[in-house]
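Numbering of ligands and ligand atoms starts at 1, following listing order. The shown structure was predicted, so the numbers you read here are calculated from the model rather than taken from an experiment.
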Amino acid sequence: MLTTRFAPSPTGRLHLGHAYAALFAERSARRAGGRFLLRIEDIDETRCRPAFTQAIRDDLAWLGLTWEEPVRVQSAHFDDYRAVLAALAGRGLVYPCFCTRADIARGSHGQTPDGAPLYPGTCRDLPADLRAARLAEGHPHAFRLDMAKALATCPLPLSYVETGESGETGHIPCHPERFGDIVLARKACPTSYHLAVTHDDARQGVTLVTRGADLRPATDLHRLLQTLMGWPEPAYAHHRLITDDHGAKLAKTAGSAPLRALGLAVITHPLAKGANV
Ligand code: GLU
C-alpha cells in the first residue's frame with residue numbers, strides 16, 4: 001500500500017513551508033487510499049526540544065491532518081542506527097574520523113552538491129596503530145562511509161524514480177561519489193540524517209518519499225545506503241519550496257512566521273468576520 005510520511009525536526013514551530021510539505025505528503029497518501037505517517041527527526045539533541053514535538057502535533061491537528069500512531073521518534077531508536085553502522089563496519093565500509101570542521105575546511109579541494117566542503121579523506125588511510133591509539137585515548141570521532149569501497153560492492157549505476165513537481169521526473173541517475181566519504185554517525189550522535197532517514201523509511205514501509213526540493217541531491221546517497229543494506233527502493237516526489245517575498249526559502253532559523261500566528265492573522269482579519277474559519 002502506498003505509504004508516505006512527514007518527517008519534521010522539532011527545532012522550532014512549524015511554518016508555512018512545513019504546512020505545504022505535510023499536506024503534500026498527506027494528500028499523496030489519501031489520493032491513493034494509502035497510509036500517512038508522522039516521524040519526528042530529533043537526532044540532534046542539542047537543537048531539538050520535546051515542547052516543539054508537541055507543538056508539531058498540535059499544529060498538524062489544527063491543519064486538519066490525521067496520522068497513524070504511534071509516531072516514530074528517532075531519538076528513541078539510536079540502537080537501531082548503531083546496528084546499521086555496525087553492519088556496514090563489519091563489511092569494512094566505515095572508518096573513524098577525528099577531523100575537526102577546521103581540519104576539513106583546510107584540507108578540502110571541492111564542494112559536495114549541498115555546498116559543504118568535500119571531505120579530503122584524511123582519516124581514511126590512517127595507520128592502524130595510530131587509529132587504535134586515538135580511539136583508546138578517547139579522541140572525539142565521527143564515522144564515515146568509505147565511498148569508493150561502498151560503490152565497489154554495489155551494482156552500478158544507481159538510479160531513482162522521481163514523480164514530483166520539482167525538476168526532472170522519471171528514472172534519474174545517481175552520483176553519490178560527488179559527496180565523498182559521508183558521515184554516518186556524528187561525533188555527538190550515533191547516527192546521521194542520511195542513515196536514520198533511510199533506515200526508518202525502510203523500517204516503516206514508506207513507499208513514496210515526499211519532501212522539499214532542497215533534499216533532492218541527498219537522494220543519491222539514500223539510494224546508495226538502501227542498496228548497501230538491501231532495503232526496498234521507495235519512489236520519490238520532491239516538491240517545490242515555499243519562499244518569502246524575497247525568494248528565500250522559509251526557515252525556522254530565519255524567524256519565518258509560525259503557522260499559528262498566520263492562523264490568528266486570518267481569524268482576526270476584518271474580511272474573516274463571520275467566515276467559517
Ligand atoms: N527531517 C528533515 C527536515 O526537517 C526531512 C527529512 C526527509 O523528509 O527526508 O527537513
request  = Evaluate the ring planes of His239 and Phe24, with Trp represented by its six-membered ring, and classify them as parallel (under 30°), tilted (30 to 60°) or perpendicular (over 60°).
outcome  =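 Rings of His239 and Phe24: tilted, 30 to 60°.
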Side-chain donor-acceptor distances from residues 147-154 under 3.5 Å, at least two apart:
residue, atom, partner, partner atom, Å
Lys149, NZ, Gly92, O, 3.4
Thr153, OG1, Ala150, O, 2.8

request  = Report yes if some N/O of Thr210 lies less than 3.5 Å from some N/O of ligand 1; otherwise report no.
outcome  =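 For ligand 1, there is no N or O atom that lies under 3.5 Å from one belonging to Thr210.
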message = Checking the N or O distance criterion of under 3.5 Å, is ligand 1 in contact with Ala7?
response =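 Yes.
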ask   = Is the closest heavy atom of Arg5 to ligand 1 under 4.0 Å?
value =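 The answer is yes: ligand 1 sits under 4.0 Å from a heavy atom of Arg5.
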query = Tyr193: heavy atom below 4.0 Å from ligand 1, yes or no?
reply =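 It does; at least one heavy atom falls under 4.0 Å.
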Aromatic Tyr95 / basic Arg144 pairing, under 6.0 angstrom, 45° off normal =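 Negative - Arg144 is either too far from the ring of Tyr95 or too far off its axis.
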message = Tell me if the aromatic rings of Tyr20 and His18 count as close, with their centers under 6.0 Å from one another.
response =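 That pair fails the under 6.0 Å test.
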Using a strict cut-off of 4.0 Å, indicate which atoms of ligand 1 neighbour a heavy atom of [X].
X: Ser9; result: 1 (N), 4 (O)
X: Glu41; result: 1 (N), 2 (C), 5 (C), 6 (C)
X: Val197; result: 9 (O)

query = Do the non-hydrogen side-chain atoms of Thr112 and Arg178 ever get within less than 4.5 Å of each other?
reply =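 No, side chains not in contact.
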ask   = Is there a side-chain contact between Ile43 and Phe78, using heavy atoms and a 4.5 Å cut-off?
value =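 With C-beta onward as the side chain, the pair touches.
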